[in-house]
2 protein chains.
Amino acid sequence: MPDGRNTSAHHGESLLFLTDEQLRQGIEAMFFAYRGFTADPDRILADMAYGRAHHRAIHFINRAPGTTVNNLLNILGVTKQSLNRVLRTLIDQGLVESKVGKIDKRERHLFLTEEGHKLEQALSDAQRARMRSAFRDAGPEAVAGFRTVLEAMMDTEMQHAYTRLKETGS
Amino acid sequence: MPDGRNTSAHHGESLLFLTDEQLRQGIEAMFFAYRGFTADPDRILADMAYGRAHHRAIHFINRAPGTTVNNLLNILGVTKQSLNRVLRTLIDQGLVESKVGKIDKRERHLFLTEEGHKLEQALSDAQRARMRSAFRDAGPEAVAGFRTVLEAMMDTEMQHAYTRLKETGS
DNA sequence: AGTATAAGTCAGCCTTGTTGACATTCCAAG
DNA sequence: CTTGGAATGTCAACAAGGCTGACTTATACT
């Protein structure tokens with residue numbers, strides 16, 4: 001973490017000078033792109049009794065099988081009550097399994113069932129298809145830049161969560 | 001639009017081959033970054049009687065003053081009723097002004113009042129600060145890539161809306 | 001034994017999205 | 001000039017998914 005690297009606004013260099021217009025375009029790009037990003041899974045979920053919140057839970061349980069409720073809470077950034085409502089329906093419907101911890105029996109470890117995996121596949125297939133198409137159209141250098149900027153835009157705790165998940169990656 | 005450029009999955013080149021793991025990281029980056037993206041304005045709005053929906057309306061009215069309700073509807077991608085609820089509170093609170101169209105009197109043209117501009121400034125200052133910091137940390141090539149990928153991720157109609165807004169830029 | 005932690009639950013509230021039905025105003029085509 | 005359709009506004013009802021606050025249960029730690 002270099003100190004004072006970006007404290008001065010004007011160096012007379014285009015490298016560090018960013019107009020409000022450029023920033024505004026970035027803001028709008030985020031807004032429109034996020035709509036596209038969620039559109040395909042949303043369409044699948046619309047026919048079912050589930051929403052975007054269920055998708056997020058399923059995604060991260062699949063990503064980190066055996067994760068605890070508390071862990072998921074931190075990653076998703078919602079309240080226990082909010083997550084519990086979602087989790088309860090997923091468990092009731094047999095998409096998620098909750099197992100009492102061996103070391104600490106207060107904890108519940110979450111796993112996708114066979115059925116849960118099927119829905120996860122359907123949802124992430126749709127989302128990956130769009131991401132793949134965007135990545136291919138944009139090319140590898142653009143993809144690297146994309147990830148660099150997004151990472152810099154995260155809150156610090158989320159950067160850590162993101163990095164931890166990356167390192168867990170197959 | 002070159003035909004058949006990305007139809008084949010395997011060229012034996014890293015250029016076009018994208019693993020599910022890479023795509024999943026992109027998906028998670030989008031998720032965590034969008035949280036950061038909205039966090040600062042959300043904090044400001046939490047103290048007031050407004051939410052993210054008000055922010056979006058204010059942003060695009062500021063961006064394209066005199067826009068019609070229908071136009072805004074298309075950009076925001078919500079129903080007339082949903083937007084109307086937001087718009088009504090903004091008009092009642094004196095942040096937005098609605099003027100009957102001169103050519104077509106059915107249309108309402110929307111403008112920010114002095115007060116509306118103040119809130120818009122506060123919100124976009126916060127959001128731009130984060131975007132600026134992320135852009136600086138990432139560097140200009142990364143920023144270019146970021147925008148290329150986001151644009152490729154949008155639905156076609158939103159690409160058009162985005163481009164139209166860009167060309168309107170000061 | 002007493003405190004802290006993990007999880008679950010109940011109740012109630014808010015924002016923001018949805019549908020459906022309907023009124024108004026006005027342009028434009030027949 | 002009339003009529004159909006477009007743009008807008010409004011009412012009502014509902015659902016998802018956030019939130020807070022209060023409380024219970026089980027377990028772990030000190």
Side-chain angles (χ1 to χ4, degrees), chain A residues 31 34-35 38-39 41-61 66-93 96-111, chain B residues 31 34-35 38-39 41-61 66-93 96-110 123:
Chain A
F31 172 69
Y34 197 78
R35 284 253 298 279
T38 56
D42 280 359
R43 257 188 293 277
I44 296 173
L45 291 160
D47 301 331
M48 319 171 60
Y50 305 122
R52 211 177 281 181
H54 301 83
H55 179 195
R56 292 196 285 257
I58 287 174
H59 174 96
F60 286 108
I61 293 172
T67 186
T68 64
V69 173
N70 234 354
N71 190 9
L72 199 52
L73 236 39
N74 291 329
I75 287 175
L76 295 176
V78 297
T79 59
K80 181 180 56 165
Q81 295 90 327
S82 205
L83 175 60
N84 194 257
R85 177 169 35 196
V86 165
L87 228 40
R88 205 184 326 164
T89 73
L90 290 175
I91 292 170
D92 288 353
Q93 307 283 309
V96 167
E97 202 179 353
S98 165
K99 289 182 185 164
V100 174
K102 284 170 196 156
I103 322 148
D104 188 335
K105 290 179 190 164
R106 288 172 305 178
E107 295 181 337
R108 301 299 138 90
H109 299 278
L110 303 168
F111 301 88
Chain B
F31 172 69
Y34 197 78
R35 284 253 298 279
T38 56
D42 279 359
R43 258 189 293 276
I44 296 173
L45 291 160
D47 300 331
M48 319 171 60
Y50 305 123
R52 211 176 282 181
H54 300 85
H55 180 195
R56 292 196 285 258
I58 287 174
H59 174 96
F60 285 109
I61 293 171
T67 186
T68 63
V69 173
N70 229 2
N71 191 9
L72 201 51
L73 234 42
N74 291 327
I75 288 175
L76 295 176
V78 297
T79 58
K80 179 180 57 164
Q81 294 90 328
S82 202
L83 175 59
N84 193 256
R85 177 170 35 198
V86 165
L87 231 38
R88 205 186 324 161
T89 74
L90 291 174
I91 291 169
D92 288 353
Q93 307 282 310
V96 167
E97 201 180 354
S98 165
K99 289 182 185 165
V100 175
K102 284 170 195 157
I103 323 146
D104 186 336
K105 291 176 190 165
R106 288 169 303 180
E107 295 180 339
R108 302 299 137 92
H109 299 278
L110 303 168
L123 293 171

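Proteins get letters first, then strands, A, B, ... in listed order; numbering begins at 1 in each. From a predicted model like this one, the values you see are computed outputs, not experimental measurements.
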>> Taking 4.0 Å as the cut-off, does a side-chain nitrogen or oxygen of B:His54 come that near to OP1 or OP2 on C:dT16?
In response: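 Checking C:dT16 against B:His54, a side-chain N or O does come within under 4.0 Å of OP1 or OP2.
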> If only side-chain N and O atoms of B:Thr79 are considered, is one of them under 4.0 Å from the OP1 or OP2 phosphate oxygen of C:dG17?
Replying inline: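 Checking B:Thr79 against C:dG17: no side-chain N or O falls below 4.0 Å of OP1 or OP2.
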>> Test of understanding: with side chain to side chain contact (heavy atoms under 4.5 Å, CB included), list the residues that count as partners of A:Leu45, not counting sequence neighbours.
In response: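 Only A:Tyr50, A:His55, A:Leu123 meet the side chain to side chain contact (heavy atoms under 4.5 Å, CB included) criterion with A:Leu45.
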>> Going by the rule side chain to side chain contact (heavy atoms under 4.5 Å, CB included), which residues pair with A:Leu76 if we only count those two or more places apart in sequence or in a different chain?
In response: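 In terms of side chain to side chain contact (heavy atoms under 4.5 Å, CB included), with neighbours along the sequence ignored, A:Leu76 is linked to A:Arg56, A:Phe60, A:Leu72, A:Val78, A:Leu83, B:Phe31.
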Output one line per pair: protein atom, nucleotide atom from nucleotides 24-30 of chain C, and distance, for all N/O pairs under 3.5 Å.
none

Roughly how far apart are [X] [atom1] and [Y] [atom2], rounded to 0.5 Å?
{"X": "A:Ile61", "Y": "A:Asn71", "atom1": "CD1", "atom2": "CG", "value": "10.5 Å"}
{"X": "A:Ser82", "Y": "A:Leu87", "atom1": "OG", "atom2": "CG", "value": "11.0 Å"}
{"X": "A:Leu90", "Y": "A:Ser98", "atom1": "CG", "atom2": "OG", "value": "11.5 Å"}

Qualifying residues under side-chain hydrogen bond (donor to acceptor under 3.5 Å, both in side chains), relative to [X], sequence neighbours excluded:
{"X": "A:Thr89", "result": "A:His54"}
{"X": "B:Thr68", "result": "none"}
{"X": "A:Asn70", "result": "none"}

>> Give the residues of residues 66-77 of chain A touching DNA chain C, defined as any heavy atom closer than 4.0 Å, sorted by residue number.
In response: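 Residues of residues 66-77 of chain A that come under 4.0 Å of DNA chain C are, in numerical order, A:Thr68, A:Val69, A:Asn70.
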> When all nucleic acid strands are considered with a 4.0 Å heavy-atom cut-off, which category describes A:His109: base, sugar-phosphate, or nothing?
Replying inline: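 Nothing: the residue A:His109, judged by heavy atoms under 4.0 Å, touches no strand.
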> Heavy-atom distance under 4.5 Å between the side chains of B:Asn74 and B:Thr67, does that happen here?
Replying inline: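 Answer no - side chains too far apart.
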> Going by the side chain to side chain donor-acceptor pair (under 3.5 Å) test, which pairs reach into residues 99-110 of chain B, not counting sequence neighbours?
Replying inline: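 Listed by first then second residue: B:Asp104-B:Arg106.
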> If you walk 5' to 3' along DNA chain D, what is the first nucleotide with an atom under 4.0 Å of a heavy atom in chain B, and what is the last?
Replying inline: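 For DNA chain D, the relevant span reads D:dG5 to D:dC11.
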> Pick the nucleotide of DNA chain D nearest each of A:Ala53 and B:Leu87; which residue has the one closer to the 5' end?
Replying inline: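 Of the two residues, B:Leu87 wins.
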> Mind checking what makes salt bridge (charged side-chain N to carboxylate O under 4.0 Å, His left out) contact with A:Arg52, not counting sequence neighbours?
Replying inline: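 Applying salt bridge (charged side-chain N to carboxylate O under 4.0 Å, His left out) to A:Arg52 gives A:Asp42.
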> Who passes salt bridge (charged side-chain N to carboxylate O under 4.0 Å, His left out) against B:Arg85, sequence neighbours left out?
Replying inline: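 Once residues adjacent in sequence are excluded, B:Arg85 has no partner under the salt bridge (charged side-chain N to carboxylate O under 4.0 Å, His left out) criterion.
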Check: protein-nucleotides 9-14 of chain C nitrogen or oxygen pairs below 3.5 Å:
| unit_1 | atom_1 | unit_2 | atom_2 | d |
| --- | --- | --- | --- | --- |
| C:dT9 | OP2 | A:Asn84 | OD1 | 3.4 |

